[in-house]
2 protein chains.
Amino acid sequence: MDKKEIQEQRMRMYFINATKELLKGEGLKSISVRNIAERAGYSFGTLYNYFDDVKELIFICVEDFQDECREFIEERTKTQSQGKDKLRSIVKYYMYYFVQYPGIFELFFLERANDVGNKKPTFEMIYSFLDKLCRDEWKYLVEQGSLSKQQARLKAEITKNMVVGMLIFYLNRHNPQSFDEFSQRTEALLDEILNF
Amino acid sequence: MDKKEIQEQRMRMYFINATKELLKGEGLKSISVRNIAERAGYSFGTLYNYFDDVKELIFICVEDFQDECREFIEERTKTQSQGKDKLRSIVKYYMYYFVQYPGIFELFFLERANDVGNKKPTFEMIYSFLDKLCRDEWKYLVEQGSLSKQQARLKAEITKNMVVGMLIFYLNRHNPQSFDEFSQRTEALLDEILNF
DNA sequence: TGCATAATTGAACAATGTTAATTACTTTTG
DNA sequence: CAAAAGTAATTAACATTGTTCAATTATGCA
């Protein structure tokens, strides 16, 4: 019964990829069962043979996008040596990734946690995502004696929350209006937080 | 034609109040044209004689809720004398207001700015709302010489964005899980920002 | 090839927002 | 006062959403 599993996994992939494409392109608004199925080349009914509901499908995409985001940042920061600058860059490119794909931002941060179930771990992953990305840098700064462990924790938490707020205002409300301005504010606020 | 206007305004009020009640109670999810109209005591079609669409109705509520929020904070902070403590309290109760009414938070910060139109000023109002609430306190601290004007601006901006991020994670993702913990994190992060 | 099992489909249902045609009511006018 | 005109309220209808399920189609095996 190995063939069954392979085929089933392949079918799931068709739908998952279609969903990912839609999320990257048009965003959450464009997501509908009929839309996804059409792009996958099947009827909307077929989707329900492989997924419980459309939410399951959507949340499967989160992990993939996290990997992609991690790579996006890695590519742009790997040459930098540990320290404040690298930390700043990681946070900056974390934000830029979501600016590039507002649909993924919606998915990560704005989708409601209505019925928890198996999605709780997914939310935990999202919540701690930036922490994981920055962990080594904060650790390095503490070991260097630049700031206390406690202060590092606080600043990491401030950053994590601030970043989401900034993205909401920029992506959802066009505030600031231009990317240049957004970029500039990002630098300024990160400088203030890392001013020690 | 004065009577007309009075009657029309009264009709609009019925729908607006019904919408406000629903938003405070069940939140954005429960908002539907048929729901609002039923609560207002009219048919869903009647709503369209007084409002272009349901979005217009919803965004009319923003101003009312802002006034209410302002009063909520005022009541709880008016005895405090100007300074850091009062500033902390204002931000804290600003957050607590939205914790009390998650539906209003959704309305203020998560509703998309799809078709701008007359809603642009509304979004501007929301964006600068906390700034206005805190303006006097920041000003006082600058005049006292506690920090520079530039620093005050940066810290105010960090706070504004952080607050939205914290509320997203707490209200939408149950992170942290309890209000006590949320409250504690709020205090800690505000202390760190106001640590000068 | 023929049968049994599995996979795929689309009709159907309940909600949703919105529009437009219809009905009810009010006011003005002859 | 009654008929006409105009305004307001209602409901039927349409498109779109997620989801279910009976019926159809395809597949695999003997």
Side-chain angles (χ1 to χ4, degrees), chain A residues 1-19 22-23 25-61 103 106-107 110-115 117-119, chain B residues 1-19 22-23 25-61 103 106-107 110-115 117-119:
Chain A
M1 301 302 116
D2 209 58
K3 273 187 272 178
K4 278 280 154 56
E5 271 181 44
I6 291 173
Q7 286 172 11
E8 191 169 319
Q9 194 49 39
R10 210 168 359 229
M11 284 298 290
R12 286 172 66 88
M13 266 307 160
Y14 296 150
F15 287 105
I16 291 169
N17 287 334
T19 310
L22 282 170
L23 281 169
E26 308 294 323
L28 262 181
K29 299 165 298 307
S30 74
I31 292 288
S32 80
V33 179
R34 287 164 176 81
N35 241 339
I36 294 169
E38 188 187 20
R39 186 171 281 250
Y42 288 92
S43 162
F44 57 86
T46 311
L47 192 148
Y48 287 91
N49 294 331
Y50 298 96
F51 303 92
D52 288 342
D53 51 41
V54 75
K55 280 178 197 166
E56 186 193 339
L57 190 44
I58 286 171
F59 277 87
I60 285 171
C61 301
E106 275 182 87
L107 173 61
L110 307 185
E111 190 66 359
R112 267 319 250 312
N114 288 329
D115 16 34
N118 60 349
K119 291 195 278 296
Chain B
M1 302 305 117
D2 210 60
K3 273 186 274 180
K4 279 281 153 56
E5 270 180 46
I6 290 174
Q7 288 173 11
E8 191 170 318
Q9 194 49 39
R10 204 160 14 222
M11 284 297 290
R12 286 173 65 90
M13 266 306 160
Y14 297 150
F15 288 105
I16 291 169
N17 287 334
T19 309
L22 283 171
L23 281 170
E26 308 293 324
L28 262 182
K29 297 165 301 304
S30 73
I31 292 288
S32 80
V33 178
R34 287 165 174 82
N35 239 340
I36 294 169
E38 187 186 22
R39 187 172 281 250
Y42 289 92
S43 163
F44 58 87
T46 311
L47 192 148
Y48 289 91
N49 296 330
Y50 297 95
F51 304 92
D52 288 344
D53 51 41
V54 76
K55 279 179 198 166
E56 186 192 341
L57 189 44
I58 286 172
F59 278 86
I60 286 171
C61 301
E106 276 182 86
L107 174 60
L110 307 187
E111 191 66 359
R112 268 317 256 307
N114 288 329
D115 17 34
N118 60 347
K119 290 193 278 295

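Naming convention: chains lettered A, B, ... in sequence-line order (proteins, then strands); numbering from 1 in each chain. The structure presented is a predicted model; accordingly, all values stated were derived computationally and were not measured.
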Below 4.5 Å, heavy atoms only, C-beta onward: do [X] and [Y] meet side chain to side chain?
X     : Y     : value
B/Q9  : B/M13 : yes
B/R12 : B/I60 : yes
B/I16 : B/Y50 : no

Just the rounded figure in Å: distance from [atom2] of [N] to [atom1] of [X].
X     : N      : atom1 : atom2 : result
A/K29 : D/dG18 : NZ    : P     : 14 Å
B/M11 : D/dT7  : CE    : C1'   : 12 Å
B/E8  : D/dA9  : CD    : C1'   : 14 Å
B/D53 : D/dA15 : CG    : C1'   : 17 Å
B/Q7  : D/dG6  : CD    : P     : 19 Å
B/F15 : C/dG17 : CZ    : C1'   : 15 Å
A/L28 : D/dG18 : CG    : P     : 11 Å
B/I36 : D/dT10 : CD1   : P     : 15 Å

- [ ] Take A/R34 and A/G45, find for each the nucleotide of DNA chain D with the closest heavy atom, and name the residue whose nucleotide sits nearer the 5' end.
- [x]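 Residue closer to the 5' terminus by nearest nucleotide: A/R34.
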Open item on the list: Can you work out whether B/F44 or A/S30 has the more 5'-proximal nearest nucleotide on DNA chain D?
Closed with: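 Between the two, 5'-proximity favours B/F44.
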Check every strand shown and say whether [X] touches a base, only sugar-phosphate, or nothing at a heavy-atom separation below 4.0 Å.
X     : answer
B/L47 : nothing
B/Y42 : sugar-phosphate
B/F51 : nothing
B/S32 : sugar-phosphate

Open item on the list: Nearest 0.5 angstrom please: B/E38 CD to B/L47 CG, how far?
Closed with: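 If I round to the nearest 0.5 Å, the distance is 13.0 Å.
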Task: Distance (rounded to the nearest 0.5 Å) between B/L57 CG and B/I31 CD1 - done: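 Separation between the atoms: 7.5 Å.
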Open item on the list: Tell me the closest heavy-atom pair linking B/S30 and B/L22, and the distance in Å.
Closed with: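 Looking at all heavy atoms of both residues, the closest pair is OG-O, 3.8 Å.
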Open item on the list: Testing the basics here: between A/I36 and A/A18, what is the closest heavy-atom pair and its distance to 0.1 Å?
Closed with: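 Scanning both residues completely, I find the closest heavy atoms to be O-CB, 3.6 Å.
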Open item on the list: Can you give me the bend angle of the helix from C/dT1-D/dA30 to C/dG30-D/dC1? Use the axis through the first five pairs and the one through the last five, nearest 10 degrees.
Closed with: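 Both end axes considered, the difference amounts to 30°.
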Check the phosphate of [N] against [X], side-chain N and O only, distance under 4.0 Å to OP1 or OP2. Yes or no?
X     : N      : result
A/Y48 : C/dT9  : no
B/Y50 : D/dA8  : no
B/T46 : D/dT10 : yes

TODO: Answer yes or no: is there a donor N or O on one side and an acceptor on the other, between the side chain of B/D53 and the main chain of B/E56, under 3.5 Å?
DONE: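 Yes, because the side chain of B/D53 sits within donor-acceptor range (under 3.5 Å) of the backbone of B/E56.
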Task: Quiz item: B/N49 side-chain donor-acceptor pair to D/dA9 base, under 3.5 Å - done: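 Answer yes: a donor N or O sits under 3.5 Å from an acceptor.
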